[in-house]
Amino acid sequence: MKRNLISSLALALTLAAVQPATAWAQQTAPAQHIDLTVAAEKAVNSVVYIKVTINSRTQTIQYSSPFDDFFSDFFGRGGGGQQRQIQTPKRSSAGSGVILTDDGYIVTNNHVVQEADELTVKLNDNREFKGRIIGTDKTTDLALIKIEASGLQAIKVGNSENLKLGEWVLAIGNPFSLTSTVTAGIVSAKARSLGATAGSIESFIQTDAAINPGNSGGALVNARGELVGINAMLYSQTGSFAGYGFAIPTTIMNKVVADLRQYGSVQRALLGVTGTDVTNYIDQQHERGNEVDLGTVNGIYVDEVTVDGGAAQAGIKHGDVITAIDNKKIDKFGELQEALVSHRPGDKVKVTFIRDKKQQTVTVTLRNVQGTTTPLERIDSDAMGAALRPLTADERRELNIPYGLMISAIRDGKLKQAGMTKGLIIMRVNEREMRTNEDFEEAVKAANMSSERVLWIRAKTQTGLNKSFAVELTDPKNKGDK
């Protein structure tokens with residue numbers, strides 16, 4: 001009897017010791033196994049292979065001979081180098097894209113298609129289509145292309161804001177031309193800024209899913225097969241995957257794609273400030289031996305306020321710390337960019353900031369890069385009302401000029417309104433040399449995105465006279481619109 005009592009007591013103590021551990025294990029163990037095969041099957045047919053063809057081009061390059069410097073030094077001759085024309089070879093490259101609509105709209109990276117003369121889009125079922133570019137945005141590294149097809153399998157777009165650190169994701173693309181490749185990993189970080197390109201908008205999803213050359217423009221999907229990001233770049237010292245890849249979140253992609261479809265360019269809303277993470281600012285001050293107490297260690301330190309920007313009009317000043325946009329907490333600059341990118345000029349946002357350790361909230365009307373609230377007009381060389389062509393080698397020799405674009409035809413448009421005529425040779429636009437039609441298009445695009453919106457054109461007549469023209473891109477009825 002005594003022995004049975006001791007045995008029962010021992011058993012009770014053993015169960016008491018085991019049960020809490022069992023309960024703890026049940027609480028911490030995963031509820032169920034994640035089956036990534038479902039996500040892969042849902043998404044793989046929505047990812048396409050994009051082949052890019054870049055035609056041969058004639059380029060004029062500057063070169064100098066060591067004899068030029070010798071004769072310049074010893075005989076006082078001009079030197080200064082010489083010009084030579086070279087023919088670049090025809091090239092091809094490849095990337096990935098994601099089908100957004102069943103009638104053929106596809107999102108990819110700007111760097112995949114930006115130089116393309118021809119686009120070939122290959123679906124997962126091996127059908128091929130010619131693609132055309134609807135619009136590109138260098139700032140976010142996104143582009144929208146279109147193929148003429150119907151009944152395509154469009155991907156389901158998810159909300160990247162709902163992603164959590166450690167969540168499983170799949171990267172789907174065509175690395176090294178290995179079509180329909182699927183790799184798995186987790187979300188390693190969010191709102192990551194790398195400073196890869198000056199002036200770019202960066203709020204990347206960081207993942208350890210393998211991303212290699214050719215994955216650019218492909219899909220990052222969650223365990224439900226929903227698109228949460230567009231794979232954009234990898235971090236590597238060798239050019240191949242070294243542990244981390246980066247994707248553009250759908251919160252940014254959705255707005256950019258919508259603008260490219262509607263306007264042909266992105267209607268970017270600006271707060272009108274430049275700054276840095278508070279942690280970076282504090283570290284910089286500590287390195288200089290300065291003690292800093294801003295009342296917070298999180299947020300965006302405002303370094304400069306644009307004079308004609310919305311933030312200045314709302315009273316935000318240098319030294320303020322922005323901590324929230326529309327009550328959404330802001331800790332990093334990438335989060336600030338992501339919060340603003342979904343807005344358009346004219347939208348109003350509530351900005352919470354700290355000044356002198358006291359919290360304040362103001363309403364800011366967002367503006368575009370030109371300081372107005374109206375949509376930016378898309379202007380290209382066709383809208384200028386002139387047909388341009390590079391000078392031939394014979395024309396350059398006869399006119400004794402190294403480069404130039406001749407106006408071969410002109411109609412009603414901005415160039416004609418400025419007084420330009422057929423036969424004029426455009427030499428420079430806003431101090432940029434005009435050697436190719438692409439040079440002119442880039443100059444127009446850059447001017448259209450500036451606050452002045454003016455083309456300062458230097459030209460020559462075929463008799464050698466110098467001419468200057470100012471071409472205003474602003475629609476007179478929109479002047480002064482704030």
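Worth saying up front: this structure is predicted, and the values here are computed from it rather than measured.
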- Item | Listed partners of Thr279 passing side-chain contact (heavy atoms from CB on, under 4.5 Å), at least two apart | Asp277
- Note on the structure: Residues at least two apart in sequence or cross-chain that pass salt bridge (charged side-chain N to carboxylate O under 4.0 Å, His left out) with Asp356, listed by chain then number, are none
- Message: Please list all pairs meeting side chain to side chain donor-acceptor pair (under 3.5 Å) that have one or both residues in residues 341-350, counting only residues at least two apart or in different chains.
- Response: Asp259-Arg344, His343-Asp347, Lys348-Thr365
- Note on the structure: Residues passing the salt bridge (charged side-chain N to carboxylate O under 4.0 Å, His left out) test with Arg428, sequence neighbours excluded, are Glu433
- Query: Between Arg192 and Phe246, is NZ or CZ placed under 6.0 angstrom from the six-membered ring centre and within 45° of the ring axis?
  - Reply: no
- Sequence-distant partners of Lys416, salt bridge (charged side-chain N to carboxylate O under 4.0 Å, His left out), two or more places apart: Asp412
- Message: Holding to side-chain contact (heavy atoms from CB on, under 4.5 Å), I want the full list of residues that pass it with Lys90, two or more places apart in sequence or in another chain.
- Response: Thr53, Asn55
- Message: Going by the rule side-chain contact (heavy atoms from CB on, under 4.5 Å), which residues pair with Asp102 if we only count those two or more places apart in sequence or in a different chain?
- Response: none
- Item | For Glu226, all residues meeting salt bridge (charged side-chain N to carboxylate O under 4.0 Å, His left out), sequence neighbours excluded | Lys156, Arg224
- Hey, can you tell me if Tyr301 and His318 have their rings parallel, tilted or perpendicular (30° and 60° cut-offs)? perpendicular
- Task: Answer yes when Glu431 and Arg458 have at least one side-chain N-carboxylate O distance shorter than 4.0 Å, and no when they do not.
- Result: yes
- Among residues two or more places apart or on two chains, list those pairs meeting salt bridge (Lys or Arg N to Asp or Glu O under 4.0 Å) that have a residue in residues 315-328. Glu161-Lys328, Asp320-Arg355
Throw together a table of side-chain donor-acceptor distances under 3.5 angstrom for residues 167-176, partners on residues two or more places apart or in other chains.
| from | atom 1 | to | atom 2 | distance (Å) |
| --- | --- | --- | --- | --- |
| Glu167 | OE1 | Lys164 | N | 3.0 |
| Asn174 | OD1 | Ser180 | N | 3.0 |
| Asn174 | ND2 | Val48 | O | 3.1 |
| Asn174 | ND2 | Ser96 | OG | 3.0 |

N/O donor to acceptor pairs below 3.5 angstrom from side-chain atoms of residues 283-290, sequence neighbours left out:
| from | atom 1 | to | atom 2 | distance (Å) |
| --- | --- | --- | --- | --- |
| Gln285 | OE1 | Asn290 | ND2 | 2.9 |

- With Thr140, which residues qualify under side-chain contact (heavy atoms from CB on, under 4.5 Å), at least two apart? Asp137, Leu142, Ile201, Ile252, Val256, Arg268
